[in-house]
Amino acid sequence: QVQLVESGGGLVQAGGSLRLSCAASGRTFRGYAMGWFRQAPGKEREFVVSISWSGGSTEYADSVKGRFTISRDNAKNTVYLQMNSLKPEDSAVYYCAAYSGSAYAMRSNIFDAWGQGTLVTVSS
């Protein structure tokens, strides 16, 4: 099973940007579709974005379309989440997730590997 470690979270003002990274190790990263989820205090974990193993297909939550961009570098075993035009409602712990499959996915129960999460706080 692949192990995932997120980084890049922090405090940013509304309208600002952050780039999250998720480094994978342990198995062939190329064979895994990846996703980002987030969980705000008192709320359920929600889907943010997912990317196919090749990087050729992506799916975004409506709330982040046009502001967030997912990408992956299979040579570096890393997936990225570029977050622009951040809003206070984007504040959450962001989790990287992986599952052994080719297509992107949106349901959290499909993913079988999770990182520890990185905190993003957007101030108004």
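Position 1 is the first residue of the sequence; numbering continues from there.
- Met34 has its side chain within reach of Cys96: a pair of non-hydrogen atoms, C-beta onward, lies under 4.5 Å apart.
- Contact annotation: the side chain of Ser17 approaches that of Gln82 to within less than 4.5 Å [non-hydrogen atoms, C-beta and beyond].
- A heavy-atom distance below 4.5 Å is not found between the side chains of Trp53 and Ser100.
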Given the rule in the side-chain contact (heavy atoms from CB on, under 4.5 Å) test, do Ser102 and Ser52 qualify, once you have shown the distances and angles that lead to the verdict? CA-CA 6 Å; Ser102 60; Ser52 62; 6.0 Å; no
Stepwise side-chain contact (heavy atoms from CB on, under 4.5 Å) test for Leu18 and Leu86: CA-CA 8 Å; Leu18 282 174; Leu86 282 161; 4.2 Å; yes
Run the numbers on Val48 and Tyr60 for side-chain contact (heavy atoms from CB on, under 4.5 Å), then give the verdict. CA-CA 6 Å; Val48 176; Tyr60 292 85; over 6 Å; no
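- Ala98 approaches Val2 most closely through the heavy-atom pair CB-CG1, 3.8 Å.
- The existence of a salt bridge linking Lys65 and Asp62 is confirmed by a sub-4.0 Å separation between a basic side-chain nitrogen and an acidic carboxylate oxygen.
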Derivation and outcome, side-chain contact (heavy atoms from CB on, under 4.5 Å), residues Ile51 and Val49: CA-CA 7 Å; Ile51 188 168; Val49 61; over 6 Å; no
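- Nearest heavy-atom pair, Ser21 versus Trp36, reported as atom, atom and distance to 0.1 Å: O-CH2, 3.8 Å.
- The side-chain tip of Arg107 does not point at the ring of Phe47 from less than 6.0 angstrom away and within 45° of straight on.
- Annotation: cation-pi geometry not satisfied between Arg38 and Tyr95 (NZ/CZ under 6.0 angstrom from ring centroid, within 45° of ring axis).
- Residue Ile110 is grouped with residue Phe37 when hydrophobic side chains (ILVMFWY) are merged at heavy-atom distances under 4.5 angstrom, including chains of intermediate members.
- Residues Tyr80 and Leu20 fall into different hydrophobic clusters, defined by Ile, Leu, Val, Met, Phe, Trp and Tyr side chains chained together at heavy-atom separations under 4.5 Å.
- For the atom pair NZ of Lys43 and CD of Glu89, the computed distance is 8.5 Å after rounding to the nearest 0.5 Å.
- Note that OG of Ser108 is 7.0 Å distant from CZ of Arg45, once rounded to the nearest 0.5 Å.
- Contact check for Thr58 versus Tyr104: no side-chain heavy atoms found under the 4.5 Å cut-off.
- Nearest heavy-atom pair, Ala40 versus Ala92, reported as atom, atom and distance to 0.1 Å: N-CB, 3.8 Å.
- Under the 6.0 Å cut-off for aromatic ring centres, Phe111 and Tyr99 qualify, their centroids lying closer than that.
- A donor-acceptor contact closer than 3.5 angstrom is absent between the side chains of Asp73 and Thr78.
- Atom OG of residue Ser63 and atom CD of residue Glu46 lie 5.5 Å apart, to the nearest 0.5 angstrom.
- Within the 4.5 Å cutoff, no side-chain heavy atoms of Val120 are placed close to those of Asp90.
- Under the 4.5 Å side-chain criterion, counting only non-hydrogen atoms from C-beta, Met83 is in contact with Tyr94.
- The OG atom of Ser25 lies 4.5 Å from the CD atom of Gln3; values are rounded to the nearest 0.5 Å.
- In this structure a side-chain-to-backbone donor-acceptor pair under 3.5 Å is missing from Glu59 to Ala105.
- Between the side chain of Gln39 and the backbone N or O of Gly117, no donor-acceptor pair lies under 3.5 Å.
- The environment of CD in Glu44 is sparse: at most 12 heavy-atom neighbours from other residues, nucleotides or ligands sit within 6.0 Å.
- Proximity of Leu81 to Thr69: side-chain heavy atoms (C-beta onward) are nowhere separated by under 4.5 Å.
- Between the side chain of Ser91 and the backbone N or O of Val122, at least one donor-acceptor pair lies under 3.5 Å.
- For the atom pair OG (Ser54) and CZ (Arg72), the distance works out to 7.5 Å, reported to the nearest 0.5 Å.
- Taken together through direct or relayed side-chain contacts under 4.5 Å among Ile, Leu, Val, Met, Phe, Trp and Tyr, Trp114 and Leu4 form parts of separate hydrophobic clusters.
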